[in-house]
Asks: 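Please see the structure below; I have some questions.
Computed over heavy atoms, backbone and side chain alike; hydrogens, waters and symmetry mates excluded. Predicted model, so just to flag it, every value in this text is computed and none were measured.
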Amino acid sequence: MTLIRVEDIAKYEGQEATVRGWVYNRTDKGKLVFLLVRDGSGFVQCVAFKGDLEEHVFDQVMRLPQESAVVITGPVRADGRAPGIPGGYEISVKDIQIVQVADLDYPMSLKEHGVDFALDNRHFWIRFPSQWSILRVRATVMAAAREWLDSHGFIAMDTPILTPAAAEGTTTLFETEYFDEGKAYLAQTGQLYNEANIFAFGKVYCFGPTFRAEKSKTRRHLTEFWMLEPEIAFCDLDELMEIEEQLITHIVQRVLRDRQPELCALKRDTSKLEAIRPPFPRMSYDQAADYLIDLYQRETDPERKELLKFEWGMDFGAPHEVELTKLHDQPVFIYGYPTAVKAFYMEPWPGRPEVCKSVDLLAPEGYGEICGGSERISDYTLLLERIRKEGLPESAFKWYLELRKYGSVPHSGFGMGVERVTAWLCGIDHIRETIPFPRTIKRVYP
RNA sequence: UCCUCGCUAGCUCAAUUGGCAGAGCGGGCGGCUGUUAACCGCUAGGUUCGAGGUUCGAGUCCUCGGCGAGGAGCCA
């Protein structure tokens, strides 16, 4: 008996194989029972004929409840009628071991469910082909990102999740007691620590959960999400964009190569992803602003006009980002945002202090911002001035400022939101499905 | 915080003008050798989110509250 993984089933055509898994669906048809079995790596149809099994066994198979655990052995056959991920192959049940007969009150039937019910049952929902596929793509996004960085001289350098006094207002930070030291806060970014790390390691990245207590209630926000943050010494804004487009391209290629059955199960139009290749278009904030102002002025529908309202100096809202992504089939860089709407540590544009060397990467098809980054201020005096202007506590930034005194160089970095990238690649419209157990303003269960 | 919508069987939903609370799925029993979220027959299953009000009569109308969704704002 050869134990196989369903994702490799094509290799075993004509051979006897064993799969271990769970009954996702059962259809009985008189003397014939179809079991759609999940084994974690895929979904495969197993067919039991009454004549092949002892009568009491067949009878048990015919009544096997959804989600029962089984070990099935039999020959693998190619059959175009067989559903599954990947489909096209099925196993004839010659032997079946029933590890557990599931209770009959499994809450998630295979019909439609409302969002709230599905999320209350997230611990079961992840068994569904759609959710399973999305989370497999997520894992590949994460693996591909590490793979590219690790092979391009970046050192993985974890940054703390418990952090001291807030770098900015405490309103969006989750707070916790920290022994006798007062308050600690869950990290919103590892960037400041990454900036320390590059002066030891040159090119680094951190990759972990980040926490934002924003009262955002949209399809693009979670309170706990995973962010990849590379930071590079001796790197300006142009070089940063090159790194971003190389990384994103690699991720897209890997997902296309390794997650084809999952994308197919999600009915993703992969031709849109196959077309992604660097260099990505670059557009200045000024150009984007001109375009959006023109769009705003020409809009006649009052409701839409209100949403598209724009003037130079504003940050983009979701509707603006959507309009900008419609201009290209590729991800698009928007660089040179107004200093006033960006963070204090961004390097000013030479000769134009009202603009800074920041860049956002917007995914196509209306997905919007997937990466945000900038060249950082490398001059001590300028950074100190900025910290004071923002009214930030100087003492908390002592170590950060000191980095500018000993070997400071131009450096840049960015953050990539794993959930937003995954949502884009999967073609789904809400990022809560791209993380196993989403945390939103209204949900910390399960 | 604001705007809009929703809450009826385990799930997804229906219920005409205020007039007997229903269907599909899921569960049970039975049938069928190619099902694809199978199909067919039978069957069990209800505090209509909560409190109060109007009315002969409220799932439906009114008031207050709760919960959720979509969007906006917010958002390194």
Side-chain angles (χ1 to χ4, degrees), chain A residues 24-36 43 45-52 58 62-63 65-66 77 79-85 87-88 90 92 103-121 124-125 128-130 166-169 171-173 187-192 194-195 210-223 225 227 229 303 306-309 314-322 337 339 341-346 356 358-360 368-369 371-374 376 390 413-415 417 429-430 432 440-443:
Chain A
Y24 177 69
N25 194 15
R26 187 200 69 230
T27 305
D28 57 275
K29 198 149 186 339
K31 299 191 176 72
L32 190 59
V33 179
F34 300 98
L35 300 176
L36 189 57
F43 291 66
Q45 175 162 279
C46 300
V47 189
F49 284 87
K50 190 167 185 158
D52 289 347
F58 183 82
M62 202 161 75
R63 287 158 198 285
Q66 186 186 357
R77 262 201 325 267
D79 191 319
R81 294 171 297 185
I85 307 175
E90 63 184 22
S92 298
D103 279 4
L104 288 168
D105 55 359
Y106 183 65
M108 297 203 84
S109 67
L110 301 183
K111 296 285 180 178
E112 285 173 32
H113 298 291
V115 174
D116 198 41
F117 178 82
L119 285 172
D120 276 341
N121 291 281
F124 298 133
W125 194 23
F128 277 56
S130 61
E168 54 202 292
T171 52
T172 64
L173 289 165
Q188 289 191 322
T189 170
Q191 182 206 317
L192 303 188
N194 267 345
E195 287 187 65
T210 56
F211 306 88
R212 298 194 186 176
E214 292 161 7
K215 296 198 171 172
S216 300
K217 215 167 94 65
T218 81
R219 63 184 66 194
R220 302 174 307 281
H221 288 88
L222 297 169
T223 55
F225 64 98
M227 188 156 67
E229 295 179 276
E303 208 171 309
E306 183 59 31
L307 279 176
L308 286 174
K309 192 167 184 176
M314 283 171 62
D315 203 355
F316 302 133
H320 302 120
E321 285 189 0
V322 169
Y337 285 77
T339 308
V341 300
K342 288 290 180 183
F344 71 91
Y345 50 71
M346 295 187 180
C356 63
S358 57
V359 61
D360 283 357
E369 184 180 346
C371 296
S374 68
R376 325 302 192 186
E390 293 280 319
F414 66 96
D429 61 9
H430 204 302
R432 66 186 159 215
T440 64
I441 186 170
K442 290 290 181 186
R443 178 172 294 279

Asks: Please enumerate all residues that pass salt bridge (charged side-chain N to carboxylate O under 4.0 Å, His left out) together with Glu229(A), with sequence neighbours excluded.
Replies: none
Asks: Ignoring hydrogens and angles, are the base of C75(B) and the side chain of His221(A) linked by a donor-acceptor pair under 3.5 Å?
Replies: yes
Asks: Base, sugar-phosphate alone, or nothing: which one does Glu90(A) contact when heavy atoms must sit under 4.0 Å apart?
Replies: base
Asks: Classify Glu306(A) by what it touches in the nucleic acid, base, sugar-phosphate, or nothing, heavy-atom distance under 4.0 Å.
Replies: nothing
Asks: List the protein contact pattern of nucleotides 21-28 of chain B with one symbol per nucleotide (5' to 3'): B for base contact, S for sugar-phosphate-only contact, - for none; contact means a heavy-atom distance under 4.0 Å.
Replies: ----SSSS
Asks: Could you tell me whether the side chain of Asp116(A) has a donor or acceptor atom within less than 3.5 Å of a complementary atom in the base of C67(B)?
Replies: no
Asks: Who passes salt bridge (charged side-chain N to carboxylate O under 4.0 Å, His left out) against Glu195(A), sequence neighbours left out?
Replies: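 If we apply the salt bridge (charged side-chain N to carboxylate O under 4.0 Å, His left out) test to Glu195(A), skipping adjacent residues, the hits are Arg404(A).
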Asks: Regarding Lys50(A), tell me which of base, sugar-phosphate or nothing describes its non-hydrogen contacts under 4.0 Å with the strands shown.
Replies: nothing
Asks: List in chain and number order the residues that pass salt bridge (charged side-chain N to carboxylate O under 4.0 Å, His left out) with Arg26(A), two or more places apart in sequence or in another chain; answer none if no residue qualifies.
Replies: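 Counting only residues at least two positions away or on another chain, Arg26(A) forms a salt bridge (charged side-chain N to carboxylate O under 4.0 Å, His left out) with Asp28(A).
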Asks: Would you indicate what Arg376(A) reaches in the nucleic acid, counting non-hydrogen atoms under 4.0 angstrom: base, sugar-phosphate, or nothing?
Replies: nothing
Asks: Test for a donor-acceptor pair under 3.5 Å between the base of C75(B) and the side chain of Thr172(A), counting only N and O atoms.
Replies: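 Not at all, since no donor on one side and acceptor on the other fall under 3.5 Å apart.
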Asks: For Arg81(A), answer base if it contacts any base atom (sugar-phosphate contacts may also be present), sugar-phosphate if it contacts only those atoms, and nothing otherwise; contact means non-hydrogen atoms under 4.0 Å.
Replies: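 It contacts base atoms.
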Asks: Output the distance between atom CG (Leu35(A)) and atom CD (Gln45(A)), rounded to the nearest 0.5 Å.
Replies: 8.5 Å
Asks: To the nearest Å, give me how far apart CG (Leu119(A)) and C1' (C67(B)) are.
Replies: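 One finds 15 Å between C1' of C67(B) and CG of Leu119(A), rounded.
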Asks: For His113(A), what residues pass the side chain to side chain donor-acceptor pair (under 3.5 Å) criterion, not counting sequence neighbours?
Replies: none
Asks: Taking only residues two or more places apart in sequence or in another chain, which ones pass side chain to side chain donor-acceptor pair (under 3.5 Å) with Ser374(A)?
Replies: Arg376(A)
Asks: Of all the choices, A72(B), A76(B), G34(B), which nucleotide is nearest to the side chain of Asp79(A) once you look at every atom?
Replies: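 When the side chain of Asp79(A) is considered, G34(B) is the closest of A72(B), A76(B), G34(B).
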Asks: Please check the phosphate of G70(B) (OP1 and OP2 only) for any side-chain N or O of His430(A) closer than 4.0 Å.
Replies: yes
Asks: Using the side-chain heavy atoms of Lys217(A), tell me which of these nucleotides is nearest: G70(B), A37(B), C74(B).
Replies: G70(B)
Asks: Would you mind classifying the nucleic acid contact of Gly114(A) as base, sugar-phosphate or nothing, using non-hydrogen atoms under 4.0 angstrom?
Replies: sugar-phosphate
Asks: Quick one: which protein N/O atoms are closer than 3.5 Å to N/O atoms of nucleotides 4-9 of chain B? Pair and distance per line, please.
Replies:
none

Asks: Taking only Watson-Crick and G-U wobble pairs with both distances under 3.5 Å, what dot-bracket line describes RNA chain B, where [ ] shows pairs that cross earlier ones and | shows pairs with another strand?
Replies: (((((((..((((.....[..)))).(((((.......))))).....(((((..]....))))))))))))....
Asks: Going by side-chain contact (heavy atoms from CB on, under 4.5 Å), name the residues that satisfy it together with Glu112(A), two or more places apart in sequence or in a different chain.
Replies: none
Asks: For Asp52(A), give me all partners under salt bridge (charged side-chain N to carboxylate O under 4.0 Å, His left out), at least two apart in sequence or on another chain.
Replies: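 Salt bridge (charged side-chain N to carboxylate O under 4.0 Å, His left out) check on Asp52(A) returns Lys94(A).
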Asks: Has Arg220(A) got a side-chain N or O lying under 4.0 Å from the OP1 or OP2 atom of G73(B)?
Replies: no
Asks: Applying side chain to side chain donor-acceptor pair (under 3.5 Å), can you list everything that pairs with Asp116(A), at least two apart in sequence or on another chain?
Replies: Arg443(A)
Asks: Just checking Phe117(A): base, sugar-phosphate only, or nothing, at a heavy-atom cut-off of under 4.0 Å?
Replies: sugar-phosphate
Asks: Mind checking if Lys31(A) touches a base, just sugar-phosphate, or nothing, with heavy atoms under 4.0 Å?
Replies: base
Asks: Assign Asp315(A) to base, sugar-phosphate, or nothing according to its heavy-atom contacts below 4.0 angstrom with the strands shown.
Replies: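 Nothing, no nucleic acid heavy atom in range.
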Asks: Can you list the residues that meet the side chain to side chain donor-acceptor pair (under 3.5 Å) rule with Tyr24(A), with sequence neighbours excluded?
Replies: none
